[in-house]
Amino acid sequence: MYDVWQNTLAEIEQQLSPANFSTWFQDTTLLSTKGGHIKIGVKNTFYVKQLRNRYYNIISTALQNNRVNVVDISFEVKSPVKSKVRSREVTNSPLVERIKSIRRPTLKSDKPRQDGLNQKYTLDNFIVGSNNDVAVAAAKSIVDAPGTRYNPFFLYGGPGLGKTHLVQAIGNELSLKNPHLKILYTPISDFFSDFVDAVRNGKGKEFNRKFQELDCLIIDDFQFIVNKEKSQEEFFNIFNNLYQLNKQIIVTSDRLPSQIKTVDERLASRLTWAGAFDLQLPKFEDKCAILRAKAELMGAEIEPKAIEYIAENVNTNIRDLEGEFSAILLMSEVRGLTPLELIENGSVSVNKSTKLRPVSPRQVIDKVAKYYEITPKELCSRSRVANIKNARQVAMFIISKELGLSTNKIAAEVGVKDHTTVMHGIRKIENDLKLNFALRDQIETIKEKIYG
Ligand code: ADP
Ligand code: MG
């Protein structure tokens with residue numbers, strides 16, 4: 001059992017705010033997985049209750065994603081001193097070491113220097129594809145001339161698509177070019193807690209000064225700004241001051257500022273003044289290119305067919321892609337078989353796609369109708385009024401992609417004549433999505449409402 005808990009934690013970390021993650025998961029250990037009866041060691045009984053009530057499902061899913069069979073999960077109080085997060089090593093070969101280094105890119109313990117930059121993230125090892133080429137071009141232009149055209153640089157996209165990597169790379173390249181530049185990378189949650197600490201200790205002014213002296217401020221995971229009015233104001237002030245001095249500001253988020261309810265409207269619009277750049281899911285070719293590059297970087301041997309197999313079967317994000325890739329390499333090292341041999345003899349089965357969650361077509365129709373301010377009845381009518389028709393097509397698209405219903409069933413749900421109309425509608429939305437960024441955001445927002 002290799003670093004399973006590490007990887008599970010890395011996955012859980014993606015889903016929680018940094019504060020919640022470190023509060024509840026920092027001192028946990030995986031004690032046993034025998035027979036699917038998972039035992040997790042925690043600090044004290046308070047944690048047992050909280051973890052069971054609040055995080056049972058998240059833990060269970062994350063374990064399963066790391067190939068752990070889960071029948072049930074129990075929590076036991078264990079002294080954290082004896083049980084550090086790290087788990088046993090399988091072997092210490094150089095390849096295993098390299099695999100390990102890419103397998104736990106996100107844990108706090110990796111946290112590097114004062115400026116928050118981690119040198120392993122570079123532009124050289126960030127693979128450019130159709131999913132990120134525009135953002136990368138902007139990033140390069142920032143390295144050439146910080147504080148000019150793309151200021152602020154707002155980068156958004158789903159988890160695991162490379163936001164942290166790309167903005168860290170900008171920081172690293174800037175610092176290489178000019179070691180005198182004052183650069184600071186900070187997740188927004190750290191910004192808040194540092195701010196609160198500073199105020200509590202009567203050091204608000206110093207806090208402010210530290211930021212005012214920066215040449216480049218990189219704020220990661222801006223979406224966690226929710227419910228932080230006071231610190232939001234502070235952030236806004238710092239933002240404005242730096243901006244006026246033409247200092248480079250870089251902000252990442254999993255969605256557009258306008259989609260974060262509690263963000264001040266003025267701040268939201270300022271953040272995207274210079275545009276909003278997004279990172280998208282990689283296409284098959286992009287995924288293959290990423291895997292080939294990773295293999296080369298690690299000096300690992302892997303057959304093109306094995307790369308294609310992984311690329312075809314991981315449809316979630318690049319983090320998962322890397323995870324599956326290194327799991328196969330590791331198994332190959334341990335068992336003495338090539339990756340393709342492992343795949344062909346059925347030792348590994350990769351299947352990572354966006355989870356289908358229990359949602360009914362009716363729920364989708366209701367949410368879509370509400371979003372477009374029409375009634376579900378209008379949506380399911382034969383009306384050809386443009387906005388009604390568009391809403392109907394969006395509903396058909398979401399039902400097809402998220403629930404996987406057949407076009408015949410969708411036709412019955414949405415009340416259209418036959419399945420060809422459904423096919424046409426879905427294709428229309430697919431095509432529009434290629435260029436219409438507003439539509440992409442609308443659909444993302446609707447999906448959040450459906451699952452939220
Ligand atoms: P996010 O911050 O968007 O959640 P990360 O920047 O943490 O995502 O990326 C997840 C993992 O995928 C990291 O290990 C990162 O190095 C890797 N990654 C993402 N995009 C690329 C890319 N284009 N080329 C190489 N590695 C990538
Ligand atoms: Mg990130």
Side-chain angles (χ1 to χ4, degrees), residues 3 6-7 9-18 21 65 98-108 110-112 116-140 153-172 185-191 218-225 250-256 276-298 300 307 310-311 314-327 329 352 444:
D3 262 3
Q6 284 278 314
N7 296 326
L9 287 177
E11 187 160 333
I12 293 172
E13 188 180 17
Q14 295 311 310
Q15 301 173 48
L16 305 183
S17 72
F21 177 77
N65 287 343
R98 285 195 296 273
I99 294 170
K100 268 166 43 179
S101 77
I102 74 164
R103 287 219 80 176
R104 51 174 139 77
T106 51
L107 284 183
K108 295 280 186 291
D110 257 4
K111 212 176 220 172
L117 292 175
N118 183 332
Q119 276 150 314
K120 78 172 181 195
Y121 294 118
T122 65
L123 281 181
D124 281 345
N125 64 19
F126 193 78
I127 311 306
V128 186
S130 59
N131 57 316
N132 59 20
D133 51 355
V134 180
V136 172
K140 287 191 171 150
F153 179 54
F154 188 86
L155 180 69
Y156 72 110
L161 292 180
K163 299 183 295 296
T164 298
H165 187 140
L166 188 55
V167 298
Q168 281 261 346
I170 299 176
N172 281 321
Y185 163 93
T186 173
I188 192 110
S189 49
D190 290 2
F191 173 89
I218 307 172
I219 295 278
D220 206 358
D221 289 324
F222 180 78
Q223 72 272 11
F224 293 128
I225 194 151
I250 296 175
V251 178
T252 81
S253 170
D254 70 355
R255 67 203 91 159
L256 288 168
F277 295 80
D278 68 337
L279 295 178
Q280 294 166 27
L281 282 173
K283 295 206 185 67
F284 175 71
E285 293 76 21
D286 303 322
K287 288 186 277 190
C288 291
I290 290 171
L291 293 178
R292 277 196 298 270
K294 300 260 170 199
E296 195 173 319
L297 274 175
M298 290 194 287
I307 286 193
I310 303 170
V314 180
N315 298 312
T316 43
N317 59 46
I318 299 172
R319 183 174 294 117
D320 287 345
L321 191 69
E322 279 187 340
E324 295 297 335
F325 175 69
S326 38
L329 286 185
K352 285 229 153 191
E444 282 311 310

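Counting from 1, the numbers follow the sequence of the chain as shown. Atoms within each ligand, like the ligands themselves, are counted from 1 in listed order.
Some N or O of L161 is nearer than 3.5 Å to an N or O of ligand 1, by distance alone. The shortest N or O to N or O distance between I290 and ligand 1 is not below 3.5 Å. In terms of polar-atom proximity, defined here as any N/O pair under 3.5 Å, F126 makes no such contact with ligand 1. For ligand 1, one of its N or O atoms has an N or O atom of T164 under 3.5 Å away.
The aromatic rings of F277 and F153 sit tilted relative to each other, their planes meeting at an angle between 30° and 60°.
Near N132, with a cut-off below 4.0 Å to any heavy atom, the atoms of ligand 1 are 23 (N). Per-residue contacts place G158 under 4.0 angstrom from the following atoms of ligand 1 (heavy atoms of the residue considered): 3 (O). Ligand 1 places these atoms under 4.0 Å from at least one heavy atom of P159: 4 (O).
One option in R319, K287, Q168 has a heavy atom closer to atom 7 (O) of ligand 1 than any other, and that option is R319.
Residue K294 places a heavy atom under 4.0 Å from ligand 1. Within the 4.0 Å heavy-atom cutoff, G157 does not count among the residues contacting ligand 1.
Comment: R255 does not engage E444 in a salt bridge, judged by the lack of any side-chain N to carboxylate O separation of less than 4.0 angstrom.
When heavy-atom distances to ligand 1 are checked against a 4.0 Å cut-off, N125 comes that close only through its backbone atoms N, CA, C and O.
When every heavy atom of H165 is checked against every heavy atom of N125, the shortest pair comes out as NE2-OD1, 2.9 Å. Nearest heavy-atom pair, F191 versus T186, reported as atom, atom and distance to 0.1 Å: N-OG1, 3.5 Å. Taking every heavy atom of both residues into account, V314 and E324 meet most closely at CG2-CG, 3.7 Å. Of all heavy-atom pairs spanning L291 and I307, the tightest one is CD1-O, 3.8 Å. What you find for I318 and P282 is that their closest heavy atoms are CG1-CG, 3.8 Å. Shortest non-hydrogen contact noted between L281 and T316 is CD2-O, 2.7 Å.
A donor-acceptor contact shorter than 3.5 Å links the side chain of K163 to the backbone of G158.
Side-chain polar atoms of Y121 and N172 form no donor-acceptor pair below 3.5 angstrom.
Neighbouring protein atoms of the Mg ion (ligand 2) (N, O or S, distance under 2.8 Å, waters ignored): T164 OG1.
By the side-chain hydrogen bond (donor to acceptor under 3.5 Å, both in side chains) test, K287 pairs with N315, sequence neighbours left out.
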